[in-house]
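Quantities reported herein were computed from a predicted structural model and do not represent experimental measurements. Along the sequence shown, residues are numbered consecutively beginning with 1. What you see below is based on every heavy atom in this structure, not just the backbone, and it leaves out hydrogens, waters and symmetry mates.
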Amino acid sequence: MKTATIIDLVVPTNITTTSINHIIKQHHISQRMRRKLKNDGIITINGNIASWDTLVHSNDHLVISIAPEQEFELTPMSLDIVYEDEYILAINKAPGILMHPTSTVRTGTLANGVLHYYKETNQAHDFHPLHRLDKDTSGIVIIAKTAVVQHAFEKQHIRFHKIYNAIIEGHVPSTQLTINWPIARKEGSIIERCCSKSGKTAHTDITVLEYIRLSQPKAPLDYADKNITTQLVEKKKCLEQDTSKLTHIQCRLHTGRTHQIRVHLSHLGYPLAGDDIYGGSLNYIQRQALHAGLLAFIHPITQEYIELRAPLPQDMLQLIRKQKHPSTVDNKSTTVTKSNS
């Protein structure tokens, strides 16, 4: 039977004799999880099978495992690992990959790939994402290796400092924006969100990095066509409207609502390039141009400050590099707010 390690620790030298329950209470284990470990856990002390009532002593090696709540099929996957220790795994997720299986997609998700990686590296862990990214959003995601570590993040109220890169349609007139618009589920949809007075508080800060002008491809003249004059007139019209304006921005999230960046920018009139759900065009890129490029936090176990970065993916880089006419950025600042009342 497949099991996932929940507890793997050495009893501190300052403890002579104590109960298993007392030891694991010191490691931020919830009452619900302690009850589950007591009823369903496989316990070993120094490699020997033990029970919940067995006493532990100084320097004993205590391991408790349980069967995972969900078993996913293992899928070989090339994972871009940004950071790893014995408690967490940080991955730069590629676009087009779901976080975990759904009722219709059972393989090829990040969960399938991570569990395969654990097996290949002889790690008896389960999949416990600490936050999520949409399927077509790329960037850093943090996965706790055990439910205990996941609970430690929750118990200590660990806050993530998140910075996203995005490419939006249009030229934002100000270089700094603060958006405070509540977000709610869109009526009649289980997927889409919208800005609504009845929604939950949502706060996004926007910084313009650069303006982009893309020259549009123009059809060549057909000199075999007798109506060449008409072609020249149409050509002139195209030349007058031969550029598309995009803006490369950085977004800092202060809240974590579903589709928050996508909804805020669409409501402001600047949808993400490629985000056809919220008004963006697929002419530029085949998915929403959104990338979680920086994530920082205090590690709940080691208490270290961790700052992780992931470079822009190729599809977004290519869109930026198509820039034909570099533009300067004005030093303007704007605050956009909307109350809940």
Side-chain angles (χ1 to χ4, degrees), residues 1-72 74 79 81-91 100 111 113-131 141-160 295-308:
M1 178 182 68
K2 177 188 172 183
T3 60
T5 300
I6 303 299
I7 298 292
D8 187 345
L9 59 85
V10 175
V11 178
T13 55
N14 63 335
I15 293 179
T16 53
T17 301
T18 190
S19 67
I20 291 175
N21 186 60
H22 178 75
I23 282 291
I24 65 174
K25 279 177 70 176
Q26 311 308 311
H27 286 76
H28 307 290
I29 309 299
S30 66
Q31 183 177 357
R32 175 179 173 276
M33 177 56 72
R34 293 200 307 273
R35 190 181 304 115
K36 186 173 181 62
L37 292 175
K38 179 180 179 180
N39 296 332
D40 305 323
I42 300 172
I43 304 171
T44 64
I45 300 175
N46 301 323
N48 301 314
I49 295 295
S51 70
W52 186 259
D53 297 324
T54 304
L55 297 178
V56 293
H57 310 279
S58 173
N59 293 318
D60 277 349
H61 183 200
L62 172 65
V63 177
I64 308 179
S65 302
I66 59 174
E69 294 181 1
Q70 291 181 304
E71 289 200 46
F72 300 142
L74 308 186
L79 298 176
I81 297 175
V82 179
Y83 175 86
E84 182 177 16
D85 60 27
E86 61 183 297
Y87 308 106
I88 60 174
L89 178 67
I91 293 173
H100 51 74
V114 166
L115 293 179
H116 180 269
Y117 167 74
Y118 286 157
K119 181 182 179 183
E120 292 297 300
T121 53
N122 297 313
Q123 299 187 63
H125 298 310
D126 209 350
F127 186 77
H128 300 278
L130 297 173
H131 57 102
V141 291
I142 308 291
I143 298 147
K145 292 187 173 182
T146 69
V148 171
V149 175
Q150 183 181 34
H151 181 70
F153 272 88
E154 297 169 356
K155 183 78 172 180
Q156 296 180 41
H157 304 288
I158 300 298
R159 292 180 61 86
F160 290 103
L295 194 148
F297 59 97
I298 301 297
H299 198 302
I301 309 299
T302 67
Q303 298 304 309
E304 295 176 310
Y305 173 77
I306 306 291
E307 184 175 293
L308 308 175

### Query
side chain to side chain contact (heavy atoms under 4.5 Å, CB included) between F297 and I142: does it pass, once the steps are laid out?
CA-CA 11 Å; F297 59 97; I142 308 291; 4.0 Å; yes
Counting C-beta onward and ignoring hydrogens, is there a side-chain heavy-atom pair between [X] and [Y] closer than 4.5 Å?
| X | Y | value |
| --- | --- | --- |
| Y83 | L295 | no |
| K145 | Q123 | yes |
| S58 | T13 | yes |
| D126 | Y118 | no |
| I20 | I7 | no |
| I81 | Y117 | yes |
| V114 | L89 | yes |
| T146 | D8 | no |

### Task
Only one of T44, V10, I23 passes side chain to side chain contact (heavy atoms under 4.5 Å, CB included) with L62; say which it is.
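The side chain to side chain contact (heavy atoms under 4.5 Å, CB included) with L62 is passed solely by I23 among T44, V10, I23.
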#### Entry: Pair H128-F153, side chain to side chain contact (heavy atoms under 4.5 Å, CB included): steps then yes or no
CA-CA 11 Å; H128 300 278; F153 272 88; over 6 Å; no
Which residues pass the side chain to side chain donor-acceptor pair (under 3.5 Å) test with [X], not counting sequence neighbours?
| X | result |
| --- | --- |
| E86 | none |
| T18 | none |
| Q303 | Q156 |

If you take all heavy atoms of [X] and [Y], which pair is closest and at what distance?
| X | Y | value |
| --- | --- | --- |
| I66 | G41 | CG2-CA, 3.5 Å |
| L79 | G113 | CD1-O, 3.9 Å |
| S51 | I43 | C-CD1, 3.8 Å |
| L308 | A90 | CD1-CB, 3.5 Å |
| I301 | A152 | CD1-CB, 4.0 Å |
| P129 | Q150 | O-NE2, 3.6 Å |

### Query
Does the ring center of H131 lie less than 6.0 Å from the ring center of F160?
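Centroid distance H131-F160: below 6.0 Å, so yes.
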Roughly how far, to the nearest 0.5 Å, is [atom2] of [Y] from [atom1] of [X]?
| X | Y | atom1 | atom2 | value |
| --- | --- | --- | --- | --- |
| R34 | N39 | CZ | CG | 12.5 Å |
| W52 | R35 | CH2 | CZ | 11.0 Å |
| S65 | D40 | OG | CG | 12.5 Å |

### Query
Does any N or O in the side chain of N46 come within less than 3.5 Å of the main-chain N or O of H61, such that one atom is a donor and the other an acceptor?
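The answer is yes, because a donor-acceptor pair under 3.5 Å joins these two groups.
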### Message
Has D85 got a side-chain atom pairing as donor or acceptor with Y87's backbone, closer than 3.5 angstrom?
### Response
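Yes.
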### Query
In terms of heavy-atom contacts, does CD of E307 have more than 12 from other residues, nucleotides or ligands at under 6.0 Å?
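Counting neighbours around CD of E307, more than 12 heavy atoms of other residues, nucleotides or ligands fall under 6.0 Å, so yes.
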### Task
Could you check I88 against H299 for side chain to side chain contact (heavy atoms under 4.5 Å, CB included), going step by step and ending with a plain yes or no?
CA-CA 9 Å; I88 60 174; H299 198 302; 4.0 Å; yes
